[in-house]
Amino acid sequence: MHIRLYNFLPKTAVEGPGIRACVWVQGCPIRCRGCATPEAWDESGGIEVDVDALAQEIVSVPDLEGVTFAGGEPFAQADALAELGRIVREFGLTVLTFTGYRFEDIKMSNCPSWQELLAVTDVLIDGPYKQELADTSRPWIGSANQRYHFLTERYQYLQKDLPNISNKIEIRIRPNGQILVNGILSQDDLSFLLELRNAHDVRRKRDT
């Protein structure tokens with residue numbers, strides 16, 4: 001079984017509780033206005049990887065607490081992510097899944113792979129990103145309509161701790177000069193960082 005990826009980080013501290021791997025799938029049928037990663041919308045983009053190979057890479061990373069599935073839209077590749085989630089949970093890792101769909105609609109769906117992905121998910125964060133409701137006051141969430149669903153007991157304690165958890169970002173600079181930013185930040189801060197990155201790209205191209 002294969003999965004089409006937009007991005008993958010083997011270790012991050014800003015995409016959910018604890019130290020986690022993060023899998024951003026490629027392809028999104030929802031395509032929210034104001035999305036921070038519209039380049040992840042195209043179903044034919046990204047790279048295709050073997051699910052078993054990706055799972056082995058994840059479980060070999062020391063000190064991981066879990067895996068986050070983001071996108072793109074994770075439920076657009078629910079069969080592959082359900083399999084990946086099943087494997088990593090056998091190694092004691094947790095699963096946090098983002099989706100632009102509503103929890104109630106997923107539960108009512110007749111799609112078996114959607115139910116399988118839900119079954120391996122400890123925390124579901126649901127709802128489309130709504131630019132007019134942009135709100136980064138809660139951890140890992142970009143707009144006020146989005147909700148946390150604690151589907152297992154693993155993270156029940158977070159329900160009362162959420163107000164004390166701050167959003168953070170990570171910035172990585174690759175050897176080729178490419179700058180990568182992940183985590184949640186306000187639209188103004190995102191625009192500022194994109195301007196810095198674009199200015200950096202212009203200087204880098206000019207100097208090569």
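Note: the hydrophobic cluster containing F8 does not contain V181 (ILVMFWY, side chain heavy atoms under 4.5 Å, direct or indirect links). Taken together through direct or relayed side-chain contacts under 4.5 Å among Ile, Leu, Val, Met, Phe, Trp and Tyr, L96 and L84 form parts of separate hydrophobic clusters. Hydrophobic clustering, with ILVMFWY side chains joined whenever heavy atoms are under 4.5 angstrom apart, groups F91 together with V23. When the side chains of ILVMFWY residues are joined at heavy-atom separations under 4.5 Å, either directly or via intervening members, V61 and L93 end up in a single hydrophobic cluster. Note on I58 and L81: same hydrophobic cluster, where clusters join Ile, Leu, Val, Met, Phe, Trp and Tyr whose side-chain heavy atoms are under 4.5 Å apart, directly or indirectly.
In this structure, CE on M1 lies 13.0 Å from CG on L54, to the nearest 0.5 angstrom. Summarising the geometry, atom NZ belonging to K130 is positioned 10.0 Å from atom CD belonging to Q146; distances are rounded to the nearest 0.5 Å. Atom CD of residue E39 and atom SG of residue C35 lie 7.5 Å apart, to the nearest 0.5 angstrom. Note that the CG atom of L151 and the OG1 atom of T97 stand 8.5 Å from one another [nearest 0.5 Å]. In this structure, SG in C111 is found 11.5 Å from CG in L118, a value given to the nearest 0.5 Å. With rounding to the nearest 0.5 angstrom, the OH atom of Y157 is 9.0 Å from the CZ atom of F150.
Contact of the I184 side chain with the I141 side chain is not registered, since no non-hydrogen atoms from C-beta on lie closer than 4.5 Å. Two residues are said to be in side-chain contact when any heavy atoms from C-beta on lie closer than 4.5 Å; V49 and I3 meet this criterion. Looking at heavy atoms from C-beta onward, Y148 lies out of side-chain contact with Y155 at the 4.5 angstrom threshold. Using a 4.5 Å cut-off on side-chain heavy atoms (C-beta onward), L180 and I171 make no contact. A heavy-atom distance below 4.5 Å is found between the side chains of E83 and V51. Taking 4.5 Å as the limit, some side-chain heavy atom of R172 sits within range of a side-chain heavy atom of L9. Residues P139 and L162 meet the side-chain proximity criterion, which asks for heavy atoms closer than 4.5 Å. Under the 4.5 Å side-chain criterion, counting only non-hydrogen atoms from C-beta, I19 is not in contact with D63.
Note on R31 versus E43: salt bridge recorded, some NZ/NE/NH1/NH2 to OD/OE distance being below 4.0 Å. Salt bridge present: E132 and R33 bring a charged side-chain N and a carboxylate O closer than 4.0 Å. Using a 4.0 Å cut-off between charged side-chain N and carboxylate O, K107 and E104 make no salt bridge.
Between the R4 side chain and the G45 main chain, a donor and an acceptor come within less than 3.5 Å of each other. With hydrogens and angles ignored, the 3.5 Å screen pairs a side-chain donor or acceptor of N167 with a backbone N or O of T136. The closest donor-acceptor contact from the side chain of T99 to the backbone of Y101 lies under 3.5 Å. No donor-acceptor pair closer than 3.5 Å links the side chain of D50 to the backbone N or O of H2. A distance-only check finds no donor-acceptor pair linking the side chain of R138 to the backbone of I165 [under 3.5 Å]. Between the side chain of R147 and the main chain of I125, no donor-acceptor pair closer than 3.5 Å is present. Counting only distance, with no hydrogens or angles, the side chain of W114 and the backbone of F75 share a donor-acceptor pair below 3.5 Å. With hydrogens and angles ignored, the 3.5 Å screen pairs no side-chain donor or acceptor of E73 with any backbone N or O of P29. Formation of a donor-acceptor pair under 3.5 Å by the R89 side chain with backbone atoms of V95 is not found in this model.
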Item to complete: Could you walk me through whether T12 and E170 pass side chain to side chain contact (heavy atoms under 4.5 Å, CB included), step by step?
Response: CA-CA 8 Å; T12 172; E170 294 171 339; 2.7 Å; yes

Discussion item. Assess the residue pair E15 and N182 against the criterion (side chain to side chain donor-acceptor pair (under 3.5 Å)); give the C-alpha distance rounded to whole Å, side-chain angles, the decisive distance to 0.1 Å, and a yes or no.
Written reply: CA-CA 8 Å; E15 301 291 349; N182 68 293; 3.1 Å; yes

Worksheet item: So H149 and V123, side chain to side chain contact (heavy atoms under 4.5 Å, CB included) or not? Walk me through it.
Response: CA-CA 6 Å; H149 300 275; V123 178; over 6 Å; no

Discussion item. As a quick check of understanding, evaluate ring-ring contact (aromatic ring centres under 6.0 Å, His included) for W24 and F69, giving each step before the final call.
Written reply: CA-CA 6 Å; W24 287 270; F69 297 151; over 10 Å; no

Item to complete: Tell me, with the steps shown, if Q77 and V25 meet side chain to side chain contact (heavy atoms under 4.5 Å, CB included).
Response: CA-CA 8 Å; Q77 297 191 60; V25 297; 3.5 Å; yes

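Nearest approach of I30 to P128, heavy atoms of both residues: CG2-CB, 4.4 Å. Of all heavy-atom pairs between L64 and A21, the closest is CD2-N, 3.7 Å. The two residues Y129 and A134 come nearest to each other via the heavy atoms OH-CB, 3.6 Å. Nearest approach of S143 to N145, heavy atoms of both residues: OG-OD1, 2.6 Å. Contact record, G71 with A40: C-CB, 4.2 Å, taken as the closest heavy-atom pair. W41 and C32 get closest at one heavy-atom pair: CZ2-O, 3.4 Å.
Side-chain atoms of R20 and T68 include a donor-acceptor pair closer than 3.5 Å. Looking at T37 and Y6, their side chains never bring a donor and an acceptor atom within 3.5 Å of each other. Inspection of the E65 and T94 side chains reveals no N or O donor paired with an N or O acceptor under 3.5 Å. Between the side chains of T152 and D122, at least one donor-acceptor pair of N or O atoms lies under 3.5 Å. Donor-acceptor pairing under 3.5 Å is lacking for the side chains of Q115 and S109.
Partner Q156 forms a side-chain hydrogen bond (donor to acceptor under 3.5 Å, both in side chains) with one of E153, Q159, R154, K160 and no other, that one being Q159.
Other residues, nucleotides and ligands contribute only 12 or fewer heavy atoms inside 6.0 Å of the CE atom of M108.
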